[in-house]
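Comments concern the structure below.
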2 protein chains.
Amino acid sequence: MDRMKTPTDRPYHHGDLRRAVIETASAMLREDNNWQFTLREVARRAGVSHGAPYKHFPDKESLLAELARQGFEQLQEALAASTARSRSIRKELLAAGTANVRFGVGNPALYRLMFGSGTGSRTAGVHLRERTLPTRGFLVDILRRGQEAGVFKKHALQGQAAACWAQVHGLTLLSIDGLLMAEKVGADPVEAALVHLLEGLELAGPAKR
Amino acid sequence: MDRMKTPTDRPYHHGDLRRAVIETASAMLREDNNWQFTLREVARRAGVSHGAPYKHFPDKESLLAELARQGFEQLQEALAASTARSRSIRKELLAAGTANVRFGVGNPALYRLMFGSGTGSRTAGVHLRERTLPTRGFLVDILRRGQEAGVFKKHALQGQAAACWAQVHGLTLLSIDGLLMAEKVGADPVEAALVHLLEGLELAGPAKR
DNA sequence: ACCTGAACACCGTTCAAGT
DNA sequence: ACCTGAACACCGTTCAAGT
């Protein structure tokens, strides 16, 4: 991964094409919000013939599925890292939600790919549910501790988690689409929505003005 | 729209090709959750040459944009119709949320198209915000009346609306992806999440168990 | 004014041939 | 074992020619 593509380094056999293809594709996804993801273009950028990637991925879908898989890993790491320095359960939920939105806004094409229909339905289709299990589990864990600590209302964890997840997922996608900066809202609408979410969760809400 | 394609009915000039193209495309979107939407296939099904649609739409994107536009119209109608028989503001919000989810689950490819990056960014890109204004306005209206009636907490309407919208949008997309029917949840997770949403909104929550 | 059919550039995928 | 290059089927888009 360190040594870059010098003409002498890749005479005929690339040697690390699988990784190169993934990295190139990932870069294209990062810059191209614009869904013109082409396998031939990936090969072109990687400096190999258009047939070469087929030795490492059975088809285009498989490559995209792999990118999505890595995306879920990254998201999971981002979520885990976000709550590291949170000093209250309430702030953990706030941090995790913000991290999810930030991840989506920072990688819009990837986030869409992860939850898109193309890769979502077929290859990763059966797996999409288990791919998102860590995220669910992460939320459930926060909520359970919140309930045990007497901070959150004691409702069914799965339902509570589903509500939180939907809220965060929706905020992320609306943010990606640039649909949240409304007319003249002073505060960050994402944080406002998350605070609102907490308000429904918490037993004792902060002084309602 | 009534008379169907009989061989004698379309000797050379179709006569109503624009509408036929839209209807065919719409049908394909309805059956094909699977994003293989092809302009040539549309022409094929409509029984015209693959070049014909270009007399009515400058390109593929434009056709998709038109489908998305109609989709937002339908969604708006579905939302308006959903609250017609609601006998409380609380139930209005519940009905609207359920209607949105139902619309998305009923027309997954269309819903994705409406909020997708392809048509969403370019052609309809500048318009996506205004396309969704009616939905926002619809929510704001419910919330304002709720606040005035003393049912909902008095927070900034835009923030409250954003939170509701994100919740509903997220629930819709997660439902489309089949990600909400968790392990062994008895109740409908969508309704559970919406009830949870209301709990954060309402001034006096129902007896918290 | 509206539609057809050939034409062009480009893709995904396959495969015999090269190294 | 891994990569190349021709080949095939298919798309989006254009355009001269038909009606």
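A note on names: the letters A, B, ... follow the listed sequences, proteins ahead of strands, and every chain is numbered from 1.
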(message) So B/Arg18, base contact, sugar-phosphate only, or nothing? Heavy-atom distance under 4.0 Å.
(response) nothing
(message) Using a 4.0 Å cut-off to any heavy atom of chain B, which nucleotides of DNA chain D are the first and last in contact, reading 5' to 3'?
(response) D/dC11 to D/dT19
(request) May I have all residue pairs that pass salt bridge (Lys or Arg N to Asp or Glu O under 4.0 Å) and include part of residues 158-175 of chain B, sequence neighbours excluded? (result) none
(request) Return each pair, listed once, that meets salt bridge (Lys or Arg N to Asp or Glu O under 4.0 Å) where at least one residue sits in residues 160-175 of chain A; pairs must be two or more places apart or across chains. (result) none
(request) With sequence neighbours left out, write down each residue that passes side-chain hydrogen bond (donor to acceptor under 3.5 Å, both in side chains) with A/Arg144, or none if nothing qualifies. (result) none
(request) Can you tell me which stems DNA chain D forms, taking runs of 3 or more consecutive Watson-Crick or G-U pairs with both distances under 3.5 Å? (result) C:4-8 with D:12-16, C:12-16 with D:4-8
(request) Can you sort out the partners of B/Arg145 under side-chain hydrogen bond (donor to acceptor under 3.5 Å, both in side chains), two or more places apart, ordered by chain and number? (result) B/Glu92, B/Asp141
(request) Working to the nearest 0.5 Å, report the span between NE2 of B/His155 and CG of B/Leu143. (result) 12.0 Å
(request) Can you run down the salt bridge (Lys or Arg N to Asp or Glu O under 4.0 Å) pairs that involve residues 163-173 of chain B, sequence neighbours left out, and say none if there aren't any? (result) none
(request) With DNA chain C as reference, determine whether B/Leu17 or A/Lys60 sits nearer its 5' end, using the nearest nucleotide of each. (result) B/Leu17
(request) Check each residue of residues 49-56 of chain A for a non-hydrogen atom within less than 4.0 Å of any atom in DNA chain C, then write out the ones that pass by number, or none. (result) A/His50, A/Tyr54
(request) Identify, with sequence neighbours excluded, every residue that meets ring-ring contact (aromatic ring centres under 6.0 Å, His included) alongside A/Phe57. (result) none
(request) List in chain and number order the residues that pass ring-ring contact (aromatic ring centres under 6.0 Å, His included) with B/Phe72, two or more places apart in sequence or in another chain; answer none if no residue qualifies. (result) B/Phe115
Using atom types as modelled, flag every donor-acceptor pair under 3.5 Å from a side chain in residues 97-110 of chain A to any protein atom, sequence neighbours excluded.
{"residue": "A/Thr98", "atom": "OG1", "partner": "A/Leu94", "partner atom": "O", "Å": "2.8"}
{"residue": "A/Asn100", "atom": "OD1", "partner": "A/Tyr111", "partner atom": "OH", "Å": "3.3"}
{"residue": "A/Asn100", "atom": "OD1", "partner": "A/Thr172", "partner atom": "OG1", "Å": "3.4"}
{"residue": "A/Asn107", "atom": "ND2", "partner": "A/Phe103", "partner atom": "O", "Å": "3.0"}

(request) Could you list all the side chain to side chain donor-acceptor pair (under 3.5 Å) pairs where at least one residue sits in residues 77-87 of chain B, not counting sequence neighbours? (result) none
